[in-house]
Amino acid sequence: MMQPVSRRAFLKGTAAAGGTLAASRFLFETLDTVAGADALALGPVEDRVFTTCWIGKQDCGMTARRIDGRVVKFEGMAGHPRNDGTLCPKGQAQIISIYDPNRVKTPLIRTNAKGVSGEWREASWDEALQVVADEVNRVRAEDPSLVLWQKGRSKSEALYDNAFIKALGSSKLGHGAYCSDTGYRALEYTLGLHGVLNPDLLSTRYLLAWGWNITNAGGNKFCWITWPRQMLEAREKGLRIVHIDPRLRAAGPFADQWLPIRPSTDLALALALCNQLIAQGYLDRPYLTRYTNAPYLVGEDGMILKETTGDDQEIALVWDIASGSARPATEAAEPALEGGYDIDGSTYRTAFDLFKEHVNGYTPEWAGEVCGVDASLIRQIASEFGDNARIGATTVIDGVEVPYRPVGIMAYHMAQQELGFQALRAMTMVTMLVGAPGAVGGQLSDSTWKIHKNYAAFEDLAVNDPPYDFMLKGSKYFPINTGFPGMVAKVMQDPARYGVEKLPKVAILHYVNPVLAFPSQPDFLASYTKFEHMTVISPWMSETADLFADVVLPAATIEKYEGPLSAGDGYIDARVLRLPPMDPLFESRGEIDIYLDLAEKIGVLGGEGGYIEHINSELGLTDTSFALPDGARPDVRDIFDRWAKAQGLSGIDYFETNGIWVKGPVPPTSAYGYVTDPPFGGVVHRLYGESLLKAGRLMEEKGAEEIYYQDYLPFPTWRQPTMDSSPEEYDLYLISYKLVEHKQSRTTLIPLLTELSGKQRIDVNPATARRLAISDGDEVVVESHNAVTGETRSLTTVASLTDGIRPDVVGMPHHFGSWSHPASRDLGPTPNEVFFTGEGYMGQTADASFQVKVRIFRRGDRA
Amino acid sequence: MTRRGIVTGGLIVTGLALMVLAYFAGAAPWCNTAVECSNPRLEWSPAIFVVGVIVAFSSALYYSMSKSDKK
Amino acid sequence: MTVAHSRVNEPLPQGVGRLSRRWFLVVGLATAGTAIGVVGWLVEHEQGMVATGMRDVGTMGGATWGLYISMVVYFVGVSFAGITVAALIRLFNLEHLKGVARMAELLTVVALLLGALAIVVDLGQPLRGLVNLFRYARPQSPFFGTFSLVVSGYLFSSLVYLYLTSRPDAARLAAKPSKLQPLYRVWAAGYEDTPDQRARDRRVTFWLALAILPLLIVAHSSLGFVFGLQVGRPGWFGTLQAPAFVVLAGVSGIGHLIVLAALVRRVLHEEHRIGMEVFTWLGRFLMLLLFVYLYFVVVEIFTAIYQPTVNEQRIGDALLTGEYAPVFWGSVAALALPAVGLAWMAVTRRWRIGWMVAFGALVNLGAIGKRFLIVAPSQTHGQLLPYPVGTYTPSLVEYAVVLGLFSLGALLIAGFMKLFPIVEMEEAAP
Amino acid sequence: MTRYAMAVDLNRCQGCRACVEACKIENNTPNAVFWMHVFRLEEGEFPNTKMTFLPRPCQHCNNAPCVKVCPVGARYKREDGLVLTDFDRCIGCRYCEVACPYGVNFFNWRNPEEAWGEYQIPFDDPDLASVTGGAVPPYKNPDHDVRHGPEQRLTSGSAHFKGVMEKCTFCVHRVEQGMLPACVDTCPVQALRFGDVEDEDSPISRFLRDKESFQLLEELGTDPSVVYVGGNPPSSHAREIERPLTGV
C-alpha cells in the first residue's frame, strides 16, 4: 500500500520543500523526504477512523485518513444513506480549521469595554468557568428566565443543551426564525406536521421547486447532497421540475421551466394555482371531504358550527346529504363539500364553498401582474400539476395500497418573508386540492408522518394582556410566536413599547453569531450591549464575541463526541455519532464537556432536576439499567456508550468499528399519511383557519396595530407587502441567498472556502445595469429603505452582471462581512447590514424576512 | 591529398558523425513507448550533439591555422 | 615585413587601446544599465517568476510567455544580419562592403549571446536549465533546434568566422609595439601573410559561409516552429510563421547594422572605408526585406478579417481594434514608413545616412513590437475554452532585465572596439 | 495493458466544486491553485437564460501537445495514459503551458511558503507544530514525497519547488494504490467516473458503452482521455461566472 516515509524524514522534507531548496539540489535526483532503508523500519502509522461532518447541515458520514494520528483528509463514509462515500466542498475544507491557530485557543476574559473590538487575557478553564457560574447564579437567584441561552444551527440533536436549559430554567432562542420556522408553523397549523413542504422525491413526477435552490441549498432536513442525488435519480426516471425563483441559480441545468417570480409574491401565485386547480376541476373530493375541514359549516360570523357532546367536547358539524341535515363530522354518512344551508334560521356555507369564492378573484391574469410572470405559464403549470396528480390513482408499496399523487412542492427558505405563513398555507392548499399530502410521490415534510403538539395548541391561540416576557410569548402581537431574536433585539431597545418589564441580563451564546448571521445588523449592535454579562461558546472569535462577550470558552470543531445523529435519507433510517478523529487542539473542549463543566460550577449537575437527570431523559435512559448515575461527572464517551447499549448495540465501539448503524427502510405505514394508523395521525387538515380569525379579532380588541393582526385570517389573503410602499426611487428588490461553498456565516472562517467562493458581489441583470450605467466589476452603493420608519441603510459592493436574475431584483450571497479571521477580512459586506427587522419586515409568526426595496448606483455617482 | 586535407576532412566527418549519432541514436527523434519518448536513449547526448557541431566547425580553424607542411 | 616596417611607431588604428572620455561615458551608462538588469534578475530569482507580469494562461487570466521570449526571438533575429552580410560579402566578393563585415560578424555573436541570456532569464529554474538541456534535450521539441542549432552551432560557427577573418589584422597589429602586443601575438597565432595562407583563408571563409547560410535558415525557421506548430493557440498555428520569422529577422538585423555602421563611420571617421555604397547596398537590402515582410503583414491582416473562426477573430479584433491595436499599428507604421522612405531614396538615388539611421532604429522598434504581438495575444485572447479574456503587462523587473540585455550588448561592442579594429584594416598591396 | 480515462456526466454535474476542493486537499496545492476547474457557464438573455457546468481536469491527452514540446522530457505520458510532470526535471520554460489548449497547467510563480501564507494561518504556531511537526500544510500528504511508476519519477503533489510546472496528475499516487482520483471519489452525484477503458467490463467502460460522448476541442486531434457524456461542448458565447480567487 503506502510507500513508506519516515516521519522524521518526512517532516524534514516539509520544512525544506520550496524554491530555496531547488537551486541547491537541481543536480541530484533524490528528494530529502524519500525514505531511506532505515526509514522503512519506523514508517508512519497510517489509519482511517470514522467520524461525522461538522460543517454542513445533514451530518454526513466521514472517514478521516490519519498519518501518525494527524488527520490529512476527510472522505465520505461508504454506505452512509445520506452521502454514501462522497463529500461536499465544505466537508472537505473543514480540515484546515482543525489546525487553525486563529481559533480561540484558550478561555478568554475581556479586558476592555464592550461594543468595540475586544481585548482579552488568557484564563484557565477553572477561572473562566467560575466567572460564568457566578454571573449565571446571580441572575438565576432573581429570575432564571432572565438567563438567555441562544444557539445557532445545532450540530447535534439538541440533547446536552436542552438538558442544560432545563436544568437552569433559562430562556432559549434558536436560529429557526431565520431559517424556515414560519413554514413549520404553517404546516403544523394546516396538516399538523413539524416541517416544511418537501415531496416524496424518489417517486414524484412533477415538482414545483419553490424558492428551493435545488442544487445549492438542500432544505431543513437534508443538506444538498442527499436531495440532489435523489432529484437526479428521479429526473432520470422522468421527473419534471418547475423552478420558481427570482434567480435561476444552480437550478439552471435541472429546471425544465423557470418561473422568475417577483420576490414576496409567492402567496399570490399559490392562490392563482388554487384558483386554476378548482377552475380546471382538479379536485380530490374524497380527500377534502374525509380528511380536511373543507366540508365544515361556517356561519356568517366566520365561526364553524359545532355541537357540544355529553362530555362537553365540541364537534364540528357538516351537511349530511344522505340525511339532509347537519350532523357531526364524525357521524355524517355523506358530507357535502360545497353549498350553503339554512340551519335554524341562519345560513351556513361549507368552508370549501367559501374557499372557492375566496380564490375566485385570484385569476392567473391577476397573479401574472402581481408576480411579474406570464399568466399563460401559471395556467399551464396548474394543469400540468393537476394532470400529473393522477387524482384517484393508487399504488401498492410493500403490500400496502397507498394513494398515488406524484406531484409536490419543495419549499424552504422562501418561507422567510412578510407573508410567509399564509404563503406556505396557500402552497399547502395547492397540494391539498389534489389530495397530494401523505400520498406516494406526493407531499411530505419528513420521513415519517408525525403529528406535532402545536396542531392542538393552535386550535385556541392565547392573546394575553401585558406585561409580556421579552420574547412576547402569548402577546397580542404574535399569538403564534417562533421566538425571534430580531424581535428580542427590538424589545431590548424599547421594552415599554411592547409592554415588557424584564429584560434578559445574562446571555450564553452557543455557536451563534447574530451580528453577522442575522438580518438588520444595526438592531443587534444596539441591543446586545444591554446584556450585563455575555459568555460565548465557540471555536472562533465570532464578531458577536469580539464586540460583546465578557468570556469566550473555546469549543472544539470536529474533534469531539456528539450525537446521536439521524443518518437517514428519508427512505432508510439510520443513526450515527460524531466521534473525535483526533484530540481537541489547543485548550479547546467538546461542547458536552463544556456544559458538564458549567453545570458542575453552577451547581446543577446532579440531584433532582439536575443536568444528569435531564441528559438521561433526553437520551431515553431514565429508569433503564444504562442510566447515568447521579452525582458523579460522567465521561462523555461513556454517555454515548450507555446510549448505544440502550439501543441494543454492543456499545459505542459499534460506531467506532462500523461507522454507522443502519436500522433499515422506513415502512410505508409510517411514511405516508394516508396509511398511518389512524390516517394522517387522526388530525383534520385545516383548510379553514378558524382559530386564526379568532386570534385576529382578539388582537384588534386588545389594541394591537393593524400591521400585527391583518394577516390573522382564516384563508390566505393577498395584500401588497409593506416594503412595496417604499418611495418610487427604491425600484429594486434586494434578496440574499446561499452559496454552495458556504453554510451560514461560520464557513466564512474557513480560508479554503473563502478562496473557493471569491469576494462579495451583487447580482444585477444586464438590462438594469445598462439603465443605471453600471458595468461588470463596478463598485456600487446599495441603499435600502424601511417603508415603516423611513430609515435608510447602505453598503458598498461590486456589481456582477448575470442574466440569471430578474431585472427588478438584485441578489447578494449572505456569507460575508466577517472581520474576525484574517483570511476572511476584506471580502465584502453582508447584506444583513441593509436588511430590516421588526414591523413590516417580519412574518405574522415572528420570523425574519430577507427582502427589502433598494436603489443602487455607481460609487461616487449620486442616484 | 595533404595531411591538412585529411585531418580537416576527418574533423568534419567526426563532427557530423557525432551529430548524427547523438541525434538519431542518442537523442532519438522517434521512440516506441510513451515513457521512452521522454528520455534520450543516451543521457547527455544533446551535449554530444553540440560537441559534434563544435568539432565540425573547428575543422575550419585547423584548416586555416595549421602550419603548412612544405617549406 | 616591409609593410609592417613602414607603420612602426604609429598608434594603433581606430582608437584601439586609447580610452576617450566619450568612451567612458558610453561604457559607464552601459555598465549602469547592465547592473540594473542584474538586480532585476536577482529579484526575480529570489521572489520567483511572480516578480514578472506573467501569469498562468486561462485560469489566472494571464500570459505565461511574455517580454522575455519576445526578446529571445528578437535577438536571434538580429544575429541574422551580421552573418548573412558577412557571408554574402565572401560569397560574392563584395569588396566595397568589406568595411562592415567584421562589425556584422561581431553583431551576430553579441546578439546570439543576448538571445541565449534571454532564454536563461525566462526559465523558472535557470540552473537546472543549463544542465538538463544538455542532459535531456529532446529533438521532438521545437525548442531543440533553438537550443542546439541556434545557440550552439550558430554561435560557435560565427565565432570561428569572426576569428579567422580577424587573424590577418591581428598579425599586423602584433607587429606594432604596444601594450596590447602580447594579446595580438596570441590572437594572430603565428599568422603569416603568405599568398598560400590568403588562398586558404579565402577558401575556408567561402566554405564556412556556404555552410552557415543554410544553417541560419534552419535555425530561424526552427524558432518560427516554436510557435507555428501549436494548434492550441489561435494566431500561432500556420505555415507562414517560419518564413516570416526569417524575413523579420533580416529586417531587424540589417536595421541594426545600418545604425552600427553609421556610428562607427562617424566615431572613427571611416567615411572612406564605410562609404555611401555600403549604405545604399544595405538600404536596398533592407527595403527589399521590408516589402516582403509587409506583404506577409497584409496577408496576415487579410486572413484575420476575411472569414476568421470565432477564436481567430477574438485575436484579430484584439490586434486590429482591441487592446493590442496601438502596438500593432505602431509596429506596422514603424516598418512601413522606413520602407517607403527607403524606396523614395532608392528612386531618387539620394541616400541620406541620417534618415537611414532613424529608419534602422525604427524598424527595430517595429520588430520588437511584432515579436511581442506574436507571443502575448494568442495567450490572453487565444482561449479555446470559455476562460475570460486575460491581460499581460510586463513588470518593472522585466523591463529592467531587458534594459540590462541591451546595455550588456553595448558594453561588449564598446569593449571590443577598444581591443581590436572593428573595421578591417586595409590590405597592403601585395 | 491498462489505459486510464475519466468520464464526466454533464447531466449530473451540479457545479458544486467538491471535486475542486478534494483535489486541492489531496494534492496539497497552495493558495490560488486549483488543478481541477469547474466552469460555471451562462448564456442567453433573461428570461431565456441557460446555465451549464463543465468540470475541467487535465485532459491527459493521448496525443498531448505539452508532452511533444517539453524540451527536457519532464512532461511525459505513461504507458497507462497518465500525463505527468517530473517536477525534479522541469526547467520551468512553460512551453507545455502555451502548448496546452485547455489551460490546465499551473506554474509555481511563488515560493510555496508565500503561496501558503495567503491563507494567513500561522502553520509554525508552536501549539500547532507540537501536533503537526510544523508540516505545511498541516494536512500534508506524505504520498507526494515518494517516486511513482516503473520509471520511479517524482510526479505527484504540488508546490514542491518554485519555478516548476504542475497540473492534475489523475492522482497518480492514489491510482497506484488502487484508489480513485480524489475528485471522482468525492463527487456527491457521481458526475465523474474513472477507470481502465481497455478493460471491457471496467465500470467506466460499461458506463460509456453506447452513450453519446465528446471530447473537449476534439478538432485539435489531441485525443483527450477525458470523455464528456450528456450535454454539449461549451458554446463560444458562454460566459464564465463565479470564478474562485485565482489571482496572485
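In the text below, chain A, chain B and the rest are named by the order of the sequence lines, each starting its count at 1. Predicted model only: the values in this text are computed from it and were never measured.
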Any idea how F87(D) and H160(D) line up, ring-wise: parallel (<30°), tilted (30 to 60°), or perpendicular (>60°)?
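If you compare the ring of F87(D) with that of H160(D), the planes turn out parallel.
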
Using 30° and 60° as the class limits, which term best fits the ring planes of W116(D) and Y119(D): parallel, tilted or perpendicular?
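Rings of W116(D) and Y119(D): tilted, as their planes differ by 30° to 60°.
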
Taking C-beta and beyond as the side chain, do M36(D) and R56(D) meet within less than 4.5 Å on heavy atoms?
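M36(D) vs R56(D): side chains apart.
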
A side-chain contact here means heavy atoms from C-beta on lying under 4.5 Å apart; do E559(A) and D583(A) qualify?
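The answer is no; the side chains never approach within 4.5 Å.
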
Test: R153(D) cationic atom under 6.0 Å from Y76(D) six-membered ring centre, within 45° of axis
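Yes, a cation-pi geometry holds between R153(D) and Y76(D).
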
Look at D68(A) together with R70(A) and state whether they make a salt bridge at an N to O cut-off of under 4.0 Å.
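Salt bridge absent between D68(A) and R70(A).
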
Less than 4.0 Å between a side-chain N and a carboxylate O, is that true for D145(D) and K140(D)?
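Salt bridge present between K140(D) and D145(D).
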
For K167(D), give me all partners under salt bridge (charged side-chain N to carboxylate O under 4.0 Å, His left out), at least two apart in sequence or on another chain.
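In terms of salt bridge (charged side-chain N to carboxylate O under 4.0 Å, His left out), with neighbours along the sequence ignored, K167(D) is linked to no residue.
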
State which residues pass salt bridge (charged side-chain N to carboxylate O under 4.0 Å, His left out) with E75(A); sequence neighbours excluded, sorted by chain then number.
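Residues passing salt bridge (charged side-chain N to carboxylate O under 4.0 Å, His left out) with E75(A): R48(A), K73(A), R174(D).
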
Report which part of [X] has an atom under 4.5 Å of a heavy atom belonging to chain A: side chain, backbone, both, or neither.
| X | answer |
| --- | --- |
| E42(D) | side chain |
| V20(D) | side chain |
| P30(D) | backbone |
| C187(D) | backbone |
| E114(D) | neither |
| C13(D) | backbone |
| R239(D) | side chain |

Toward chain D, the part of [X] with a non-hydrogen atom under 4.5 Å:
| X | result |
| --- | --- |
| M582(A) | side chain |
| K759(A) | both |
| N83(A) | neither |
| L585(A) | side chain |
| R806(A) | both |
| V740(A) | side chain |
| F586(A) | side chain |
| L739(A) | neither |
| P260(A) | side chain |

Out of [options], which one racks up the most heavy-atom pairs below 4.5 Å with chain A?
| options | value |
| --- | --- |
| I121(D), N11(D), N108(D), L10(D) | I121(D) |
| L128(D), V189(D), T52(D) | L128(D) |
| R40(D), K50(D), R243(D) | R40(D) |

Within a 6.0 Å radius of atom CD on Q152(D), are there more than 12 heavy atoms belonging to other residues, nucleotides or ligands?
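Yes - once you tally the heavy atoms of other residues, nucleotides and ligands closer than 6.0 Å, there are more than 12.
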
Would you indicate whether E236(A), at its atom CD, is surrounded by more than 12 heavy atoms from other residues, nucleotides or ligands within a distance under 6.0 Å?
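Count over threshold, so yes.
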
Among A823(A), G758(A), P101(A), P766(A), which residue forms the greatest number of heavy-atom pairs with chain D at distances under 4.5 Å?
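The residue among A823(A), G758(A), P101(A), P766(A) with the greatest pair count is P101(A).
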
